[in-house]
Amino acid sequence: MRTVNTPFDTIEKLQHSVIQHGPSSNRIYLMKLATEDYPSIIPPLIELGKQNRYGKIFAKIPAWAKDQFISHGFQQEASVPGFYGGEVDALFLANFLTAERARLTPEIKKTIEQNIALTRKKSSDVDGDTANTRFALRRLTPENAHALTSLYG
C-alpha cells in the first residue's frame, strides 16, 4: 500500500481493490471492490481511516457484499439497480469514523432540500408528449461503438 503525504487525494490499490483517499475529501472511497478482496478488505479500510483520522469511509459495492460491510458498522446511503452488468445492484455505504462527519450541517441539509425540490419541479414540468422531440432514448448496441468513439474522442 502506498500513501502520499499531499494536500490532494490519492487513487491507489489496497489489496486488489481501487480506493481514493486523502485530506481533500477527508475520507476513503472504495471505488472498485475486487471480488478476491471480499471481505478481507474491510478491516484494512477501517484501519487506514483511523490512521489518517478521516471522517468517513464511503464504499461502492455489489449488493452481494452488503452483509459483511453492515456487520462492520457501515450503513447504506443509496443504491443503483442493475449497475453491474444490468444484473447486480450497486450499493453506496458509509462508515462514519467521527460524529461530526455523520451529521448534516444546516447548510448542507438546506442544499439537499433545494436540490430535491428543483428535481421534483423539473420532473413535473416535463411534457408527456415526446412526439415533437428531436431526441430518442434507446439501448445502444455494439454497432454504436464507432459513433460513440468519434463523439467522445
Side-chain angles (χ1 to χ4, degrees), residues 1-120 122-123 135 137-153:
M1 178 174 58
R2 176 180 63 96
T3 302
V4 178
N5 187 13
T6 70
F8 305 106
D9 287 359
T10 301
I11 297 175
E12 63 185 355
K13 285 199 172 185
L14 178 61
Q15 299 179 9
H16 299 94
S17 299
V18 179
I19 64 169
Q20 175 187 359
H21 68 101
S24 178
S25 61
N26 186 30
R27 57 112 173 100
I28 299 169
Y29 171 26
L30 174 59
M31 300 170 71
K32 182 173 179 158
L33 173 65
T35 306
E36 62 265 38
D37 292 344
Y38 178 77
S40 66
I41 195 166
I42 301 170
L45 279 172
I46 294 169
E47 183 59 30
L48 180 64
K50 288 179 180 177
Q51 284 176 355
N52 289 285
R53 296 185 178 147
Y54 294 140
K56 178 179 181 178
I57 302 171
F58 182 70
K60 178 181 72 183
I61 62 166
W64 52 259
K66 178 181 180 178
D67 291 342
Q68 285 293 318
F69 279 86
I70 296 294
S71 73
H72 282 84
F74 284 77
Q75 56 192 13
Q76 184 173 332
E77 292 190 320
S79 65
V80 178
F83 182 87
Y84 296 103
E87 297 178 10
V88 178
D89 296 351
L91 304 181
F92 294 87
L93 307 178
N95 184 320
F96 296 100
L97 302 175
T98 64
E100 309 85 64
R101 190 67 187 249
R103 285 191 295 269
L104 289 177
T105 65
E107 296 82 20
I108 292 174
K109 188 173 183 180
K110 182 179 178 182
T111 299
I112 291 170
E113 290 167 352
Q114 289 172 336
N115 288 342
I116 291 170
L118 180 62
T119 301
R120 287 188 174 137
K122 292 283 186 188
S123 67
F135 304 99
L137 295 177
R138 65 180 173 82
R139 184 175 297 272
L140 297 178
T141 66
E143 288 74 34
N144 301 115
H146 180 71
L148 288 172
T149 301
S150 294
L151 176 65
Y152 292 111

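Here the structure is a predicted model, which means the values were calculated and not measured.
At a threshold of 4.5 Å between non-hydrogen side-chain atoms, the residues Glu36 and Gln15 do not count as touching. Between Leu30 and Ile57, every side-chain heavy-atom pair lies at or beyond the 4.5 Å cut-off. Between Ile61 and Leu93, the closest side-chain pair of non-hydrogen atoms falls below 4.5 Å. At a threshold of 4.5 Å between non-hydrogen side-chain atoms, the residues Ile112 and Lys109 do not count as touching. Using a 4.5 Å heavy-atom threshold, the side chains of Phe83 and Lys60 count as touching. Proximity of Leu91 to Pro62: side-chain heavy atoms (C-beta onward) are nowhere separated by under 4.5 Å. Looking only at side-chain heavy atoms (C-beta outward), Thr141 and Arg139 stay at 4.5 Å or farther from each other.
By the 30° and 60° cut-offs, the orientation of the rings of Phe74 relative to Phe69 is perpendicular.
Between the OG1 atom in Thr119 and the CG atom in Asn115 there is a gap of 6.0 Å [rounded to 0.5 Å]. The CD1 atom of Ile42 sits 10.5 Å away from the CG atom of Asp37 when rounded to the nearest 0.5 Å. With values rounded to the nearest 0.5 angstrom, Leu151 atom CG is found 11.5 Å from Asn144 atom CG. The CG atom of Asn26 sits 9.0 Å away from atom CG of Leu97, with the distance rounded to the nearest 0.5 Å. Here the CD1 atom belonging to Ile19 is positioned 7.0 Å from the CD1 atom belonging to Ile41, to the nearest 0.5 angstrom. Note: Ile108 CD1 to Arg103 CZ = 11.5 Å, rounded to the nearest 0.5 Å.
Applying the salt bridge (charged side-chain N to carboxylate O under 4.0 Å, His left out) test to pairs two or more places apart or on separate chains, those with a residue in residues 66-95 are Lys56-Glu77.
Closest non-hydrogen pair, Val88 versus Ala63, comes out as CG1-N, 3.9 Å. Here the shortest heavy-atom pairing between Tyr54 and Pro23 reads CE2-N, 4.1 Å. When all heavy atoms are compared, the tightest approach of Asp9 to Ser25 is OD2-OG, 2.6 Å. Of all the heavy atoms in Ile28 and Leu45, the pair that sits closest is CD1-O, 3.3 Å. Minimum heavy-atom separation, Ser17 to Ala34: OG-N, 2.8 Å. Looking at every heavy atom in both residues, Phe58 comes nearest to Arg27 through CB-CD, 4.3 Å.
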Does Asn95 form a side chain to side chain contact (heavy atoms under 4.5 Å, CB included) with Gln75? I'd like the steps, not just the answer. CA-CA 6 Å; Asn95 184 320; Gln75 56 192 13; over 6 Å; no
Ring pair (Phe, Tyr, Trp, His ring centres under 6.0 Å) evaluation trace for His21 with Tyr29: CA-CA 6 Å; His21 68 101; Tyr29 171 26; over 10 Å; no
Using side chain to side chain contact (heavy atoms under 4.5 Å, CB included), reason through Leu140 and Arg138 one step at a time and then give a plain yes or no. CA-CA 6 Å; Leu140 297 178; Arg138 65 180 173 82; 4.0 Å; yes
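Applying the salt bridge (charged side-chain N to carboxylate O under 4.0 Å, His left out) test to Glu100 and every residue at least two apart in sequence or in another chain returns nothing.
In this structure, Ser79 contributes its side chain and Ala90 its backbone to no donor-acceptor pair below 3.5 Å. Remark: the backbone N or O of His146 is paired with a side-chain donor or acceptor of Ser150 at under 3.5 angstrom.
Donor-acceptor pairing under 3.5 Å is lacking for the side chains of Thr10 and Gln20.
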